[in-house]
Amino acid sequence: MRRPIIAGNWKMNKTASEGVALVEALKPLVADANCDVVVCVPAINIPAISEACKGSNIHVGAENMHWAASGAYTGEISAEMLQEYGVEYVIVGHSERRQYFGETDETVNKRTLAVLAAGMTPIVCVGEKLEERENGTTNEVLDRQLTVGLAGVEDVKKVVIAYEPVWAIGTGRTATDEQAEETIAYIRKKIGELFCPRCAENTRIQYGGSMNAKNCKGLMAQANIDGGLIGGASLKAPDFSAIVHFDR
Ligand code: 13P
């Protein structure tokens, strides 16, 4: 019912030419995928990556977007700029943006609404820090991130949610299948409360955080996990392809 979605988040890796080489290697490997395949790439790479992805089943995403249509926002990128190059997905509220670039639940909300208004799909990232998991406030943190971040969303199934426990990102320390499933089931329940139970059933929720070719099968076998947002392992074609083929 929910089509799985495997998305790479290249972060600040790969020049445009390196990225094109990665996509060229990826195209034949993932052509037979049974899921949506997305690469979210640095803004400056988007024209080249979009061109390279043409005619393939690889969709292009951005790593961030400003909520204003245009204006005096030095260094920012608008929806229209992304769409001119066929961008379909935008990562919103990644924990690295929250940690290093002042992203808040309120700005996550503005970006999410702007991405939806432009007809693209936001991949909205939520997740607790290590100390929050340890002091038992994970659900409280998620409640706040979801309630504020998704306020005013009309059709939540047009949003992809990425649950990324901050302690699992880039650390090699993945959440266990059970931890990820339990928390993502909680997120789904919360979406049900904020919107409607049927809306929650139709909303795709990814896991992210040290997901790789080895652990993807166990994670993807969980009832509530509909995909992955992949950092490090998305930078190598065979690794990313193995995750795309989690069902093999
Ligand atoms: P890693 O897969 O490198 O842990 O990164 C996860 C992530 O932050 C994806 O957005």
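Whatever order the structure lists them in is the order used to number ligands and atoms, beginning at 1.
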Winner among Met211, Arg173, Glu164, Gln206 once heavy atoms are compared against atom 9 (C) of ligand 1
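Result: the heavy atom closest to atom 9 (C) of ligand 1 is in Glu164.
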Is any side-chain N of the basic residue among Lys189 and Glu193 closer than 4.0 Å to the acidic one's carboxylate O?
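Looking at Glu193 together with Lys189, the answer is yes, because their closest N to O distance falls below 4.0 Å.
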Ligand-side contact atoms (ligand 1) for residue partner [X], heavy atom cut-off under 4.0 Å:
X: His94; answer: 7 (C), 8 (O), 9 (C), 10 (O)
X: Ser210; answer: 1 (P), 2 (O), 4 (O)
X: Ala168; answer: 4 (O)
X: Gly231; answer: 1 (P), 2 (O), 3 (O), 5 (O), 6 (C), 9 (C)
X: Gly209; answer: 4 (O), 6 (C)
X: Lys11; answer: 5 (O), 6 (C), 7 (C), 8 (O)

Connected via hydrophobic side-chain network under 4.5 Å: Trp10 and Met120
yes
Are Leu22 and Val60 connected in the hydrophobic side-chain network, where two residues link if heavy atoms are under 4.5 Å apart?
yes
Does the side chain of Glu181 come under 3.5 Å of the side chain of Asn224 through a donor N or O and an acceptor N or O?
yes
Under 4.0 Å between heavy atoms, the region of Asn9 that gets near ligand 1 turns out to be side chain
What's the shortest distance from atom 3 (O) of ligand 1 to any protein heavy atom, and which residue and atom give it?
Gly232 N, 2.8 Å
Does the side-chain contact (heavy atoms from CB on, under 4.5 Å) test come out yes or no for Val160 and Leu229, once each step is laid out?
CA-CA 10 Å; Val160 172; Leu229 187 56; over 6 Å; no
